[in-house]
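Notes for the one structure printed next.
Remember, it's 1-based here, ligands and their atoms both numbered in the order they're listed.
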Amino acid sequence: MTFTLHGLPVSSGIAIGHAHLVSHTSLEVVHYVLTKALVGEEVLRLDAALLTTRDELSALREYRPQQAAAEFDAFLDLHLMILGDDHISHAAREMIRTEHCNAEWALKTQMDALVAQFEAFDDAYLRERKTDVIQVVERILKVLSGHPSHVAPTPQHDSEMILVAHDVSPADLIQLKPHQFCAILTDLGGATSHTSIVARGLNIPCVVGLHHARDLIKDRDMLIVDGEQGVVIVNPDKNLLAEYKLRQSQFVLERQKLKRLRTARATTLDGTRIELHANIELPTDLVQVMENGAAGVGLFRSEFLFLNRENLPDEEEQFIAYRTVLEGMGDMPVTIRTYDLGADKQLKGVTRVASNPALGLRAIRLCLAEPQLFRTQLRALLRASVHGNLKILVPMLSGASEILQTLQIIDSVKQELAVQGLAYKAEVPIGGMIEIPAAALALNVFIKKLDFLSIGTNDLIQYTLAIDRTDEEVAHLYDPLHPAILQLLAHVIGSANKANVPVSVCGEMAGEIAYTRLLLGMGLRQFSMHPVQLLAAKQRVLTTNLPDIAQLTQKLLRADDPIKINELLAKLNAL
Ligand code: PEP
Ligand code: MG
């Protein structure tokens, strides 16, 4: 039966492929009672399934992605450990013996008990591990049902598979980078959650906040994903398939055409130079950065180096990662953000989980609370600074005290390096992210003490409008055009320009071409976005005449009626 689901569009493009379900909601198993004579056989059936599952997991090692070998091994070890855990295997066996139930029911019951235990953990990382328990049980159940999991998708298969999940953490998603599914669908998540941001970086269509996709879509269902509209068509008929195949090739053609702009200078019609930089999560993203002709890296979210691992990256490992990016970019600027851990990017063993993590010990707050961890990163960054054009960006600063503490630590790390005779650039620019309303409002100290500013609209919108960016229930309230947001943006951009302090926008708003002209009209001259968005943004810059948009932008900034604001934006974009 054909049906359609609607969610939040996160990453554009059209994908046509088969559903590959992950996570637990499909675990509906029947319960039946066995006669006493069959109990022994049922235990043997369970044991055989456990052995087959163990073989499957071991065989998976052959398919591990090279770039994430360590993480992949850790993930497999964890799954093998869960498989062998008494809470699953032994307890299920006992349950079959005492309650005479079928193996599926015993497994599901044990899994539910274990998941409840994981859910009660304070530590968000541990809480998230319940997903691993579910995945392992799902694998055993598939064996019991006579439909074992595909050990690992072959590359040809991968490119036609659409990942359908209830939720995926940003850490798990980053592991998929080498896998290349052709689209991603999730029930949960907001458009600017870090999961969505990583999905966008994969350069494949992604729709989040679908609510019940994981329940309604079955494994191997044929799907059409329209990442532009946030629409998913399940089991489309021939006509729909033909229509979307056409749209898909049109989209690919458009992208292809944009490639011609790769080496063009991003200059407006009146001759103003605009800097278009790229956001990256890992050094391997440099390939995309180059392919899309970025003029620099405007945001390297360094915290992704810290995820998916048991041990933290030491100074040397970090130094190599930063040097790789700096050398890869030559003399182009590279802005590396000190780690923004906490909230939806938890670090095992270090991040303390608060009841409200987005307002908790996150980013610079965590750095200042764990200065040793911070100093290690700063040492690596400063040592790498001699290999390129580095700028250091500090996330989540709220005011003078944090700025001063940060600058003091940076100075003291420099002194330490000097004493040890280690090279670093003395004048590495230090910038601050403007992503807390307090920072935008009390901007003077940022302008006075820092070398540059970068506006994180994802958090600025989250904190100004009080909407959790990871919660799809409030995703409809996420509104970059809210007058409060527009006033804050205009204020920060205007004040920084007046004081000659470089300012950029590196939140998702920077990559949305619907807002390019508006931001240009506010005086923004530097944008940082996902590499895949760069060429479309450049095209918009190339067709904009700044004197033409000035008046309309001011009018839009004075408006407070949402309908009027949208009308004016449409006019601005139609010029
Ligand atoms: C932002 O908040 O806009 C930003 C760029 O940082 P992040 O999305 O990593 O929180
Ligand atoms: Mg942020």
Q: Go through E119 and K130 one step at a time and tell me if the salt bridge (charged side-chain N to carboxylate O under 4.0 Å, His left out) criterion holds.
A: CA-CA 7 Å; E119 274 171 348; K130 73 174 186 199; 2.9 Å; yes
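At a heavy-atom distance under 4.0 Å, no atom of M396 approaches ligand 1. Only the side chain of L299 comes within 4.0 Å of ligand 1, judged by heavy-atom distances. Contacts of I197 with ligand 1, taken as heavy-atom pairs under 4.0 Å, involve the side chain alone. At a heavy-atom cutoff of 4.0 Å, ligand 1 is contacted by the side chain of M433 but not by its backbone. Neither the backbone nor the side chain of T192 comes within contact range of ligand 1; no heavy atom lies under 4.0 Å.
Because the distance cut-off is set at 2.8 Å, D340 fails to qualify as a neighbour of the Mg ion (ligand 2), as none of its N, O or S atoms comes that close.
Checking only distances, R362 does come within under 3.5 Å of ligand 1, N or O to N or O.
Looking from atom 7 (P) of ligand 1 to the surrounding protein, the closest heavy atom is H194 NE2, 3.2 Å. If you check which protein heavy atom lies closest to atom 6 (O) of ligand 1, you get R337 NH1, 2.9 Å.
With respect to R301, the side chain to side chain contact (heavy atoms under 4.5 Å, CB included) criterion is satisfied by exactly one of N279, D340, I280: N279.
Under the 6.0 Å distance and 45° angle rule, R383 does not count as a cation-pi partner of Y424.
For the ligand labelled ligand 1, residue R469 lies inside the 4.0 Å heavy-atom shell.
The number of heavy atoms from other shown groups lying within 6.0 Å of NZ (K449) does not exceed 12. By the neighbour-count criterion of 12 heavy atoms within 6.0 Å, atom CG of D561 is densely surrounded, having more than that number from other residues, nucleotides or ligands. Annotation for K425: atom NZ counts as buried by contact number, over 12 foreign heavy atoms lying within 6.0 Å.
Of the angles at the Mg ion (ligand 2), the one spanning OD2 of D459 and OE1 of E435 is 100° when given to 10°.
F306 and Y339 have tilted rings, their planes meeting at an angle from 30° to 60° on a 0 to 90° scale.
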